[in-house]
2 protein chains.
Amino acid sequence: MPNKMNSLTIGGLARAAGVHVETIRYYQRRGLLSEPQRPPGGIRRYGVADIERLTFVKSAQSLGFSLDEIVDLLRLEDGAHCQEASVLAGQKLQSVQDKIARLARIEQVLSDMVARCQAQQGNVACPLIASLRTGISEAAQT
Amino acid sequence: MPNKMNSLTIGGLARAAGVHVETIRYYQRRGLLSEPQRPPGGIRRYGVADIERLTFVKSAQSLGFSLDEIVDLLRLEDGAHCQEASVLAGQKLQSVQDKIARLARIEQVLSDMVARCQAQQGNVACPLIASLRTGISEAAQT
DNA sequence: GTTGACTCCGTAGCTGACTACAGGGTCAAC
DNA sequence: GTTGACCCTGTAGTCAGCTACGGAGTCAAC
């Protein structure tokens, strides 16, 4: 998929993605986004793919990935050879599944709480800490 | 649940929770962990509940929550009145569900990739960016 | 009762992830 | 063909979240 209609300036890209121009440059330095070729005596242009890439970076960040980890994810996106890639993908898969499992437990506790709050008054428990207690022991709920 | 056997020094707590002593003090200043009463001319002691609380903070951080957001979660844990609490819990629930949804899409793409890499050789696609494309449009896969 | 490890408190420094200039070049609309 | 908005490069500053350090006090084992 090449660049179709790369017509955005860096400022336009920033507005479209909801980030600052300086953030885009910073990401380029960090290797999260490539710098398009600059025409001699001209300025660089960006396309829709760049907007989506930035949006992905921001989304992944809010899921608890560091920029270095996001570089890894983008390496997979950009296509690497199966040999190395599937090892990396396996590791990322593991960490994603782990995050999902922990979030699911938090979700359970929160939705229980909201439901019980609707049903009764006063105080209801919200055992978030217990929900993530190390062992993933689903027995033991005294 | 009161403090049963609060026998840890701050150093012991730090070791047990896998954080630095300074981090604990920092969290106390930020309101994530309370400072136990210091006996006159003595030192503070901590218990198992503190270990679990620290572990929860670290876990929540890796799920993309800021310390301020974790303070909110801990407010729910510590018990507030239903009126205010359920509004807050509802907001948190929303953001947790959103995170889970995005992570589930990433999981799908990664596990597909790993599976296809096992089945064939060469390069396989890994459309992570597309998986989070805004609209949650599950049609349109050109 | 001394000593070595540790606590307490305050303040300063570091890292990751931006964010803000400054000074010069480019573009497009008049 | 000028002007105002914007781009480019580089470097410095900011903010969240720690991390390190200094000097005085506390504890427990000898």
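To find a chain, count down the sequence lines: A is the first, B the second, and so on, and within it residues start at 1.
Looking at heavy-atom distances under 4.0 Å, A/Arg44 makes contact with sugar-phosphate atoms alone, never a base. Note on A/Tyr46: nothing from the nucleic acid sits closer than 4.0 angstrom, heavy atoms only.
In this structure, A/Ile43 atom CD1 and D/dC8 atom P are separated by 6 Å, rounded to whole Å. Taking atom CD1 on A/Ile24 and atom C1' on C/dA20, their separation rounds to 16 Å, with Å as the unit. Atom CD of A/Glu35 and atom C1' of D/dG10 are 13 Å apart (whole Å). Note: OH (B/Tyr26) to P (C/dT15) measures 17 Å, nearest angstrom. Rounded to whole Å, atom C1' of D/dG17 lies 11 Å from atom CG of B/Asp68. As a whole-Å value, the separation of B/Gln37 CD from C/dC8 P is 12 Å. Rounded to an integer number of Å, the gap from CG of B/Leu13 to C1' of C/dC6 is 14 Å.
An OP1 or OP2 oxygen of C/dG16 is reached within less than 4.0 angstrom by no side-chain nitrogen or oxygen of A/Gln61. Put simply, B/Arg30 has no side-chain N or O that comes within less than 4.0 Å of OP1 or OP2 on D/dA16. For B/Thr23 and D/dT19, the shortest distance from a side-chain N or O to OP1 or OP2 is below 4.0 Å. Between B/Arg25 and C/dC9 there is no side-chain polar atom (N or O) within less than 4.0 angstrom of OP1 or OP2. Between A/Tyr27 and C/dA17, a side-chain N or O to OP1/OP2 separation shorter than 4.0 Å is absent. Listed pair B/Lys58 / D/dG17 fails the phosphate criterion, with no side-chain N or O lying under 4.0 Å from OP1 or OP2.
Counted within 6.0 Å of CZ on A/Arg15, heavy atoms from surrounding residues, nucleotides or ligands total 12 or fewer; the atom is thus considered open.
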Side-chain donor/acceptor pairs under 3.5 Å, residues 55-64 of chain A, sequence neighbours excluded:
residue: A/Thr55; atom: OG1; partner: A/Ile51; partner atom: O; Å: 2.8
residue: A/Lys58; atom: NZ; partner: A/Tyr27; partner atom: OH; Å: 3.0
residue: A/Lys58; atom: NZ; partner: A/Gln61; partner atom: OE1; Å: 3.2
residue: A/Ser59; atom: OG; partner: B/Arg102; partner atom: NH1; Å: 2.6
residue: A/Ser62; atom: OG; partner: A/Ser59; partner atom: O; Å: 2.8
residue: A/Ser62; atom: OG; partner: B/Arg102; partner atom: NH1; Å: 2.9
residue: A/Ser62; atom: OG; partner: B/Arg102; partner atom: NH2; Å: 3.2

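Side-chain proximity of B/Arg15 to D/dC18, C/dC6, C/dC8: nearest is C/dC6. Across C/dC9, D/dC8, D/dT11, the shortest atom-to-atom separation from the side chain of A/Arg29 is found for D/dT11. Distance from the side chain of A/Thr9 is smallest for D/dC6 among the nucleotides C/dC27, D/dC21, D/dC6.
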